[in-house]
Amino acid sequence: MKMQRFRDMSINRKLTVLILTSCATVLVLAGVAMIAAEIATSRRFMVDELGVKADLVARASQAPLAFLHQSGDSEDLAKTLSALAVDPHILRACIYDKNGTIVGTYVRKDGNPQFPPHPSPMVRTFSSRYLEVTHPVMVDGNQLGTIYIRADLGRLYGQIEMHAAIILAILVGAILLTIAIAPRLRQPIAEPVLALAAVARRVAQDNDYSARAKKYGNDEVGLLTDAFNRMLGEIESTHTSLRVAKESAESANKAKDQFLAVLSHELRTPLTPVLLTTSLLQENHSLPAEVQDDVQTIRRHVELEARLIDDMLDLTRITRGKLQLHFEPADSHKIIKDAIKICLSDRMEDVTIALAAKDYYVRADPGRLTQVFWNLLSNARKFTPQGSKILVRSENPAPGRIRIQVIDSGIGIDPKALPRIFNAFDQVDSAVARRVGGLGLGLTIAKALVDAHGGTLVASSEGPGTGSTFTVELNTIPVPSNQPQPTSPDPLQSNSSAAVPLNLLLVEDHASTLKIMTKLLKQFGYNVRGAVSVQDALTAAASSKIDLVISDLGLPDGSGYDLMRELHARYGMKGISVSGFGMEQDIARSAEAGFCQHLTKPIDLAKLQAAIQNAVGSTNCSAASTHV
Ligand code: ADP
């Protein structure tokens, strides 16, 4: 833990700590050695000194001791001993006669008069608290007595304390000095490392690979700096080429998106009058049945064309992760039945519907889920000859789960081709595909949509000629308590029943589209005022009462967005945009300009009718949904 803390320190601190630690260690070791030497010397000195004193006393005691048994006077001995008082560290001393009897004593003022009962032979005894010395009193080779002296170690300890204080003072001084000069000491090591670290930080923070670290010398740090700078150089050149490649890929992608948007706009625009004319003709019940059939064929193919264009755009959305779904509780059985009606209305005799699932409400984007089944059913229709059976069934394989299957008895799929039929542009048999039409996008989009719903889409087939099965599985939800009532009106229902017919301002610069849309809308009971430009539309709005504007976005003298803003600002008017551009950004720009809804060409009458009703009925246009 401590080591880790040291590792995390800045290099400056580390160097300061190292300098201080080594300085302090050397000083402490030197101090300890000095004190040890001092103790040894002082001890020897004390022993010698006390030995000399004992010897002096012994010599001075020779005569009094020799005549003691005659005179019986020990006073001289006590006097001799009292000379020891000059040394304040001598605690007590005594003289034994040759029989070992104490014949004279000296005790320091505060001392304790306790003496060993018998003299020991000549000793020098050191304990932690005192030093004892015994010394013989010799005359002509005969021992007349023994001197005993005991001293405390105050002098020794005083010296040790003094040395320790000096060493401590040196230590503190050295540490302060080291701290003062540490910046200079560490500079040659720390500076290059810190410079390197600063450059590394800049590179990490700003991704600035043009930075280079300054080299201070040819030591290891210098080598490291060289290697680091070389590495930065390499990264910089790789980075630059990557950025160039990324920029060119992005601009190519942008150009592709732009191209797709313009292409789909150009392809969609001419489809609108064709589609609307077929709707008009289908309304004409006086036409013979075979002409009605032909009109139906034209309509279906135009719708197919529009679907192909939409598929292309959908694929772009999916691959760029821009697919947006609007989830709500939805009746999956109703969605399937509607899809069957759209795709297989003319082959109902081949279709068996067995929707046995008890739980069939799902959380879904109804439009997108319809698109999934629309695709599966139109494939079943395409790849199953007339007269062969198509079965659409549902069941609940487990609680909370619904399985919906489209089973056909058509051409089937080669097992080898099965794994790749969900890949974009993949078609098992291109000859068949050419005959029946299609781009190989439908299943890719269907799978992506089912995935986005949290479900699965699986294809199976026993092989060519044995038919195919497409299985969708989704989670179910409980039946919603407030089941939404269908809001979209019957698309072909006339508006003439309304008490006051709505006044529409139709702005469209494509002459055929304007003509046919005007005709159709009038037929449905609306009052229609046509305009071919922004200026034309503003003039019309100024001169007559308009309830709703339906406007193209690309107009010769300006954009439909500006027109909508102007009409809204001047008259609080509501509007629906109609455009061949149907990408997310187009829809968002429409909503921003104040349009209640964005419709993509070719216009489907049912959607237009529903949009008109929704727009007129809505109180807050910006909250109204957009529609592709
Ligand atoms: P396409 O627009 O070509 O139909 P899809 O993605 O919908 O594109 O289908 C891809 C390919 O999968 C088709 O071209 C066809 O070869 C095969 N396929 C799809 N559905 C069926 C089916 N019901 N029976 C046989 N083959 C099918």
Side-chain angles (χ1 to χ4, degrees), residues 260 263-264 267 271 300-319 323 335-336 339-340 342-348 350-354 367-394 403-453 455-473:
L260 271 178
L263 179 71
S264 66
L267 291 173
L271 295 184
R300 230 195 7 259
H301 282 87
V302 174
E303 279 172 351
L304 180 66
E305 180 112 34
R307 167 59 43 194
L308 292 179
I309 298 168
D310 283 346
D311 278 359
M312 239 161 56
L313 288 181
D314 274 351
L315 190 73
T316 317
R317 284 189 188 103
I318 289 167
T319 50
L323 189 71
I335 287 175
I336 297 162
I340 293 173
I342 296 170
C343 301
L344 298 165
S345 55
D346 58 339
R347 281 187 57 179
M348 286 312 280
D350 294 340
V351 181
T352 308
I353 304 173
R368 292 304 192 175
L369 200 57
T370 307
Q371 192 181 340
V372 170
F373 292 115
W374 200 94
N375 178 265
L376 299 182
L377 292 165
S378 46
N379 275 351
R381 174 204 171 88
K382 271 197 303 195
F383 298 110
T384 309
Q386 190 104 29
S388 299
K389 289 283 170 208
I390 297 172
L391 168 64
V392 182
R393 58 193 295 268
S394 79
R403 177 182 294 154
I404 300 158
Q405 290 178 304
V406 177
I407 305 168
D408 67 54
S409 52
I411 64 167
I413 304 168
D414 187 339
K416 272 189 257 152
L418 264 181
R420 53 183 171 85
I421 60 166
F422 292 106
N423 296 347
F425 303 110
D426 225 309
Q427 295 174 315
V428 177
D429 185 334
S430 49
V432 176
R434 251 197 313 281
R435 186 157 41 78
V436 295
L439 279 181
L441 292 181
L443 284 180
T444 314
I445 294 166
K447 180 147 175 42
L449 289 175
V450 175
D451 286 349
H453 279 79
T456 56
L457 170 57
V458 179
S460 60
S461 172
E462 297 289 307
T466 61
S468 317
T469 300
F470 285 82
T471 306
V472 175
E473 278 202 26

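Order of appearance sets the numbers: ligands from 1, and atoms from 1 within every ligand.
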Within the 4.0 Å heavy-atom shell around [X], which atoms of ligand 1 are there?
X      : answer
Ser468 : 22 (C), 24 (N), 25 (C)
Gly442 : 5 (P), 6 (O), 7 (O), 8 (O)
Gly412 : 25 (C)
Asn375 : 7 (O)

Checklist entry - Can you name the nearest heavy-atom pair linking Lys389 to Thr352, along with the distance? => result CD-OG1, 4.3 Å
Checklist entry - If you measure from each non-hydrogen atom of Thr384 to ligand 1, which part falls under 4.0 Å: side chain, backbone, both or neither? => result neither
Checklist entry - How does Leu441 reach ligand 1, by side chain, by backbone, by both or by neither, if only non-hydrogen atoms under 4.0 Å count? => result backbone
Item to check | Under 3.5 Å donor-acceptor, Ser388 side chain and Thr384 backbone | outcome: no
Checklist entry - Okay, side chain of Ser461, backbone of Gly467: is any donor-acceptor separation there less than 3.5 Å? => result yes
[X] side chain near [Y] side chain, heavy-atom distance below 4.5 Å:
X      : Y      : answer
Ile309 : Leu271 : yes
Phe383 : Ile411 : yes
Phe422 : Leu457 : yes

Next on the checklist: For Thr471 and Gln405, which I'm curious about, is there any donor-acceptor pair between the side chains at under 3.5 Å?
Outcome noted: yes
Checklist entry - If we only count N/O pairs under 3.5 Å, is Leu443 in contact with ligand 1? => result yes
Item to check | Min N/O separation Lys382 to ligand 1 under 3.5 Å | outcome: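 Between Lys382 and ligand 1, an N or O pair is found under 3.5 Å apart.
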Checklist entry - Below 4.0 Å from any atom of ligand 1, is there a heavy atom belonging to Phe422? => result no
